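Structure first, then comments.
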Amino acid sequence: MPSVTLTAILPEIILTALACIFLVAEPFVPKEKKEWMGYFSIGALICSGLSLFTLWGRNITTFSGMITLDNYAIFFKGLFLVVSMLAILISVRYIKIEEINFGEYYGLILFATVGMMFMSSAADLLTIYISLELMSFSFYILTAFMKRDMRSREAGIKYFLTGAFTSGLILYGIAFLYGLTGATDLGSISAYLSQHNLNSSPMLFVAIVLLVAGFGFKIAVVPFHMWAPDVYEGAPTTVTAFLSAGSKIAAFSAMLRIFMVGLGSSYDSWWQLLWLLSVLTMTLGNITALVQTNFKRLMAYSSIAHAGYILLGFIVASRIGMAAVLIYSVAYAVMTLGAFTMVILLCRQNSRGDQISDFKGLARTHPAVAGSFVIFALSLVGIPPTAGFIGKLFLFNAAIQGSFYWLAIIGILNSTVSLYYYFKVVMVMYVQEPQDVAPLSFSPTLTVALCVMSFMTLFLGLYPEPLIRAAVQSVQFFL
Amino acid sequence: MVEYAWLVPVFPAIGALINGLFGKKYLRDQSHIIAVTAVMASLFISIIVFADIALNPIAHEIKLFEWIVSDNFSAYVGLLIDPLTAIMIMVVTGVGLLIHIYSIGYMHGDEGYYRFFTYLNLFMFFMLILVMGGNYLLMFVGWEGVGLCSYLLIGFWYQKKSASDAGRKAFIVNRIGDAGFILGIFLIFGSFGTLDYSFVFANTHLINTKIATIITLCLFIGAMGKSAQIPLYVWLPDAMEGPTPVSALIHAATMVTAGVYMVVRSNILFSMAPFSLEVVAVVGAITAIFAASIGLVQTDIKKVLAYSTVSQLGYMFLACGVGAYVSGVFHLFTHAFFKGLLFLGAGSVIHALSGEQDIRKMGALARKIPATYKTFLIGTIAIAGIPPLAGFWSKDEILTSAFAGGHYLIWAIGLATALMTSFYMFRLLFLTFYGSSRVDHEVEHHIHESPHNMTVPLMILAGFSLLIGMVVGFPPESGWIHRFLSSVVGSAGGEVHEGAGHHLSLGLELGLMALSIGVALSGLALAYSFYIKNPELPKRLAARVQGLHQALYNKYWVDEIYSVVIVQPILMISQFLWTFDQWVVDGLVNASGWITILESKISEMFDIYVVDGTVNGVSDTLDFGARGLRRLQTGAIQNYMLAMGLGIAILTVIFIF
Amino acid sequence: MIPLSHFLILSAIIFTIGIVGVLTRRNAILILLSIELMLNAVNINLVAFSHYLQSITGQIFVFFIITVAAAEAAMGLAIIILIFRGKAFLNVDEINLLKG
C-alpha cells in the first residue's frame with residue numbers, strides 16, 4: 001500500500017470541493033446573488049493559500065511519486081492562487097455587463113486553477129497530462145462562454161480544435177518517451193536516459209520535438225502560436241487575462257520540470273531547439289505587434305514575445321536561469337493582468353473597448369487609470385523601477401552568465417522594439433482628445449484588483465528581495 | 001555631514017509626490033512653492049556635502065539598503081559621494097534651482113503648471129540618483145528615469161503633434177543606446193560579480209583588454225544615445241519642442257551630460273581599452289564638427305543652440321577619448337552654466353516676441369530687452385571661447401590635451417569646430433539683437449523685458465559664465481578642478497596621463513592658447529562681416545555653394561535617411577509578417593495542394609496504363625485528399641494546425657539530420 | 001510473435017491519417033473524429049510498448065487517455081453545437097471572423 005499524504009493536496013481539495021458545490025448549487029442561486037459565488041471563490045482561494053503556506057519548505061513526494069510538493073510547486077501554486085483571485089476580482093462586474101453571469105463561470109475558473117496547481121507539482125507524465133487537460137478543458141468552455149457572441153464561439157472552437165490536436169501530439173511524444181525508457185515518472189526517465197546513454201537517440205529527439213510542440217502551443221511559441229491572437233481577441237476579456245497569465249505560466253511550470261528533471265541529462269539535444277524557438281518567438285511576436293490595432297491582439301502578440309523571453313531561462317538551464325523564469329513569471333502575470341484590466345474597464349454597454357482607439361484621451365478623463373497603465377507598460381517593456389525590469393534583469397543576466405551572448409543581445413534589442421507598441425497606446429491616452437464620455441465600468445472589486453496590481457508591479461521593482469529569495473529557494477531542489 | 005547626502009535626491013522626490021497628488025486640486029498655480037523649496041533644500045545639502053568633500057576629497061560610500069542579494073548577485077541601494085559626484089550634484093541642483101525659478105515666470109498661466117513642476121522635480125530626483133548612485137544598477141535606474149521625464153517634458157504640450165512625436169522619438173532613440181548600456185552592465189556583472197563601483201574599479205585585474213574593450217564599447221553606445229552623439233543624436237534637435245526651461249535643464253545642462261559622466265565615472269575601465277578610447281575620441285570629434293556645421297545655417301533660435309549642444313558634447317567626449325577626463329568634466333561644468341544661460345536667454349527672447357523662434361524674424365532687440373541681451377552676450381562670448389570667460393579655459397584645455405597626446409587630426413577638427421562655434425554663436429547674437437528689426441508688426445508692440453524671476457536667474461548664470469572658468473580652471477592643466485578630481489581619475493594608472501599630463505613647453509602651450517583665441521576671434525570677425533557689415537554676403541555665399549547650403553540646412557538629410565533605411569523596412573517587415581497568414585501560409589497550402597494533384601494525376605496515369613482497377617482506390621484517395629487540401633486555403637483553423645505540423649516536421653528534420 | 005516495429009508503424013500510419021484528416025476535413029465533427037484517430041494511434045503505441053517492456057504503466061496510461069478523450073468529445077460536441085446554432089453549418093473554413 002503506497003503512502004498517500006492528503007495534506008500535500010489539501011489546497012487543491014478545497015478548491016475542487018467548492019467548484020463541485022458550485023456546479024450543483026448554481027440553479028438554486030438567484031440571478032442577482034451570483035456575485036456571492038465569486039466572493040465565496042475568493043474565500044476558498046484564500047483558505048487554499050493558507051493551507052499552502054504551511055507546506056512551505058517541506059519536500060513531500062506522494063501518490064507513488066505522481067505528485068511532488070516542493071518549494072518550486074508551492075511557489076507556482078501561490079502564484080496561480082493570486083492570479084485566479086485577481087481574475088475573479090476583475091470578473092464580478094464584467095460578466096454582468098456581458099450577460100454571462102452564471103455560477104459555472106466561477107466553478108470553471110476554480111477547476112482551471114486546480115489544473116494549474118497540479119501541473120506545477122506533477123512529477124509523472126500521467127499527472128502532467130491529466131492536469132493539463134483539466135486546465136485546458138476549463139479554458140475551452142470559458143473561451144466560448146459568451147454563448148450569444150459569435151466571436152466568443154469562434155474563439156472557443158478554434159481553441160478547442162487546435163488544443164485537442166495538440167494533446168494528440170503531446171501524447172504521441174509521451175508514448176515515445178515511455179517506449180524509450182519504460183517509465184513515465186520524470187526521475188526514472190532521467191536516470192534511464194543517462195544510464196543507457198540514450199541522450200542522443202533520434203526517437204528521443206522526436207519525443208522532445210513533440211513535447212515542445214505541445215507545451216509550445218500552450219505558451220504560444222512560434223510556430224505554435226497562431227491560435228493565440230484569435231482566441232485572445234474572441235474570448236471574454238477576463239478569460240483572456242486569466243488565460244494569458246495563468247495557462248501560460250502553468251505550462252511553463254510543467255515544462256520546466258520536464259526539461260530540468262526528466263530531460264535534464266539530455267540537455268545537449270534540446271537547447272539548440274529552444275534557442276531557435278526563443279529567438280523566433282520574441283522577434284516575430286514583437287514585430288507583428290507593431291501593426292496591431294486591436295488591443296487584445298496586441299497583448300496577444302506581446303505575450304507571445306514574453307514567452308520568448310522566458311524560454312531564455314530554459315536554455316540557460318542553470319539555477320539562476322530557473323530562478324529567473326520564476327521571477328519573470330510573477331512579473332509577467334501581474335503586468336499582463338493589469339494591462340487586460342484596461343480593456344475590462346473600457347468595456348461598456350456600447351463598446352467592446354478592445355480597440356486601441358478606445359483608449360483615446362483616457363489620461364484626461366481618468367488620470368489614475370492612465371497612470372496605472374503607464375506602470376504596466378513600463379513593466380512590460382522592462383524599465384525600472386518595475387517588476388518587469390527585475391524579471392528581464394535576471395533573465396538576461398542568466399543568459400550572459402551562461403555565455404549566451406547573442407541570445408541576450410537579441411532579447412535586449414527585442415525589448416527595445418517592444419517599447420514602440422506599448423507606448424503607442426500610452427500616446428493615444430495622453431495625446432488624443434477623449435471621444436467617449438460614458439463612465440468606465442468600475443466596481444469596488446476591480447478597483448481593489450487594479451490597486452493591487454499597480455502596487456505589486458511597482459513594489460516588486462523597488463524591493464524585489466523577498467521575491468528573489470523565494471524564487472532562489474524554490475529552485476534549490478533542482479539540478 | 002556627507003552621511004546626510006541621501007537627503008539630496010529625497011527632497012525633489014517629496015516635491016514631485018506632493019505636486020503629483022495635490023497639484024491638480026489644491027496647489028494649481030502655487031505648485032512652484034513646493035517644487036522650488038524642494039530644490040532649494042537639495043541645493044543647501046549639496047553645498048554642505050560639497051564643502052565637506054572639498055576640504056577632504058575622498059570617496060564616501062553610503063549603503064542604504066540591500067536591493068538585490070542572491071548567491072552571486074549583489075546590488076545595494078547605496079550612494080557614492082566623491083569629488084566627481086560633488087561637482088555633478090552642484091551642477092544639477094544649482095542650475096536646476098535657477099531654472100526652476102525661471103520657470104515660475106516662463107510657465108506662468110499654463111494649464112499644466114502643476115504637471116510641469118511635478119515632472120521637473122521628478123527629473124531632478126532621477127538625475128541626482130544617476131550621479132549619486134554607488135553602482136551601475138542605480139545609475140541605470142536614474143538613466144531610465146531621466147529618459148522618461150525627458151519624454152514627458154518634451155511632449156509636455158502634447159496637443160502639439162510635433163511635440164508628442166519628438167517625445168516619442170527621443171524615447172525610442174534613447175532605448176537603442178540603452179540596449180547597449182544594459183548589455184554593458186550585464187557584462188560588467190558577468191566579469192566582476194557585482195556592480196558596485198568601489199569593487200569594480202579596485203579589481204580591474206579580473207578582466208583583460210578584450211573584455212574591457214567590449215564592456216566600454218557597450219557603455220559608450222549608451223552614452224551615445226543619452227548624450228546625442230552620431231549616429232544617435234537625431235532626437236536632441238527635435239527635443240526642442242519642449243518648453244524652453246526643459247531644453248535648458250535637461251537638454252543642455254544636465255541629462256545630456258549623463259553620458260559624459262558615465263564615461264568619466266568608468267574612466268578606469270576605459271583606460272584599459274585603448275581602442276574604445278579611440279572610438280570615443282573619433283565619435284566625439286566627428287559629432288563636434290558635424291553638428292557645428294549644421295548649426296551654421298539653422299534659423300530656429302533653439303535649433304541653433306541644440307546643434308551647438310550636440311557639438312559641445314562631442315567636445316567633452318573628445319576630451320575623454322584623448323584621456324583628458326578632467327578637462328571633459330571641466331567643460332561639462334562650464335558648459336552647464338553658459339548653455340543653460342543661452343537657452344534661458346533664448347526663452348526670454350521667445351517670451352518677449354510672443355512665441356516667435358525664427359531668427360529671420362528678429363533683430364535689433366538689444367535695446368528693447370537689455371537684460372536679456374547683456375546676459376546672452378556674456379553666454380555667447382563664453383561659448384565662443386574668448387578669454388577670460390568660462391568656455392575658453394575648458395575648451396583650450398581639451399585642445400591642448402589633444403595636441404599634446406599626439407592626436408593632431410582630432411586637434412585640428414576641434415580647432416575647426418571652435419571656429420564654427422564662434423561663428424554661429426555670433427551669427428545668432430547679431431541676427432537676434434543687432435541690425436534692423438524684422439519682427440512682425442503686431443508682435444512688435446508687445447515686446448517686453450521678462451519679469452524679474454526670469455532675468456535674475458539669467459544674471460546669476462551670466463556671473464558664473466563670466467568667472468567660473470577662471471576660478472576653478474586657472475592655471476590651465478593644474479587648476480583647482482584638476483587637484484580636486486585627481487582622486488577620481490588618478491588611480492587609473494600612468495598610461496592615461498600621457499594625454500592629460502603632457503609635457504609641452506611653455507612657449508608651445510602659450511602658442512596653442514593664442515591660436516585658439518585667434519580662432520575664436522576670427523569666428524567673431526567673420527560673423528561680424530557677414531551679418532552686420534555686409535548683410536547681403538550670406539545670401540550670395542549660399543547661392544554660390546547651394547548644394548552645401550542645402551545639405552547643411554536640411555541637416556544632411558539624416559532624418560530622411562533614417563526613415564528610409566531603418567523605419568520603413570521595420571514597418572514593411574511588420575506588415576509582411578502580418579499578412580503572412582494570407583499570403584505565405586495560403587501559398588504553402590496551395591503548393592502542397594498542387595503537388596498532391598500532380599501526384600494523383602501521375603497515379604491516375606499509372607492506374608490507366610500500368611495497374612488495373614484494383615488500385616483505383618489509392619488514386620481516388622489521393623485525388624480526394626488533393627481536393628480536400630485545395631479547399632484548405634480558406635480554412636483558418638487548419639492553417640494554424642498546418643503551421644504547427646510543418647513546424648514540427650521542419651524542426652525534426654533540422655535537428656535530427 | 002509480432003515484432004514491436006510493426007505496431008509502431010501501424011500506429012504511425014494511423015497517426016498520420018489522423019493528422020491529414022485534421023488538416024483536410026471541413027466538417028468540425030470529422031476533425032474531431034480525426035483527432036480521436038490520433039489519440040488511438042497513441043494508445044496502440046502505449047499498449048505495444050507496455051507489452052514489450054513488461055511494464056503495466058503504459059496500459060494504465062491508455063485508460064486515462066480513453067477517459068479524457070471521452071470528455072473531450074463531449075465538450076467538443078457541445079462547442080460545435082454552439083457554433084451550429086448560430087450558423088447552421090459546421091464548415092470550419094467558414095469560421096474566420098477572427099484573423100490578422
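Only heavy atoms go into these numbers, but all of them, side chains included; no hydrogens, no water, no symmetry mates. Convention: sequence-line order gives letters A, B, ...; per-chain numbering from 1. Keep in mind that this is a model prediction, so the values were computed, not measured.
You'll find the side chain of A:S278 reaches within 4.5 Å of the side chain of A:L407, heavy atoms only. Within the 4.5 Å cutoff, the side chain of A:M282 has heavy atoms near those of the A:I410 side chain. Between B:L219 and B:I188 there is a side-chain heavy-atom pair separated by less than 4.5 Å. Counting heavy atoms from C-beta on, the side chains of B:W143 and B:F126 never come closer than 4.5 Å.
The candidate with the highest count of non-hydrogen atom pairs below 4.5 Å against chain A, out of B:L651, B:I654, B:L187, is B:L651. For the set B:T652, B:I185, B:L148, the count of heavy-atom pairs under 4.5 angstrom toward chain A peaks at B:T652. With chain B as partner, the option from A:L378, A:I409, A:L413, A:V206 having the largest number of non-hydrogen pairs under 4.5 angstrom is A:I409. Annotation: maximal heavy-atom pairing with chain B below 4.5 Å, among A:I400, A:L467, A:L276, occurs at A:I400. Top candidate by heavy-atom pairs under 4.5 Å with chain B, chosen from A:L169, A:I208, A:L462, is A:L462.
Of the two parts of A:F224, the backbone and the side chain both hold a non-hydrogen atom closer than 4.5 Å to a non-hydrogen atom of chain B. Using a 4.5 Å cut-off between heavy atoms, A:V222 makes no contact with chain B at all. Proximity to chain A is absent for every atom of B:I650, based on heavy atoms less than 4.5 angstrom apart.
Here the options are A:F165, A:Y140, A:Y159, the test is ring pair (Phe, Tyr, Trp, His ring centres under 6.0 Å), and the partner is A:W227; only A:Y159 passes.
A side-chain N or O of A:N286 and one of A:Y309 form a donor-acceptor pair less than 3.5 Å apart.
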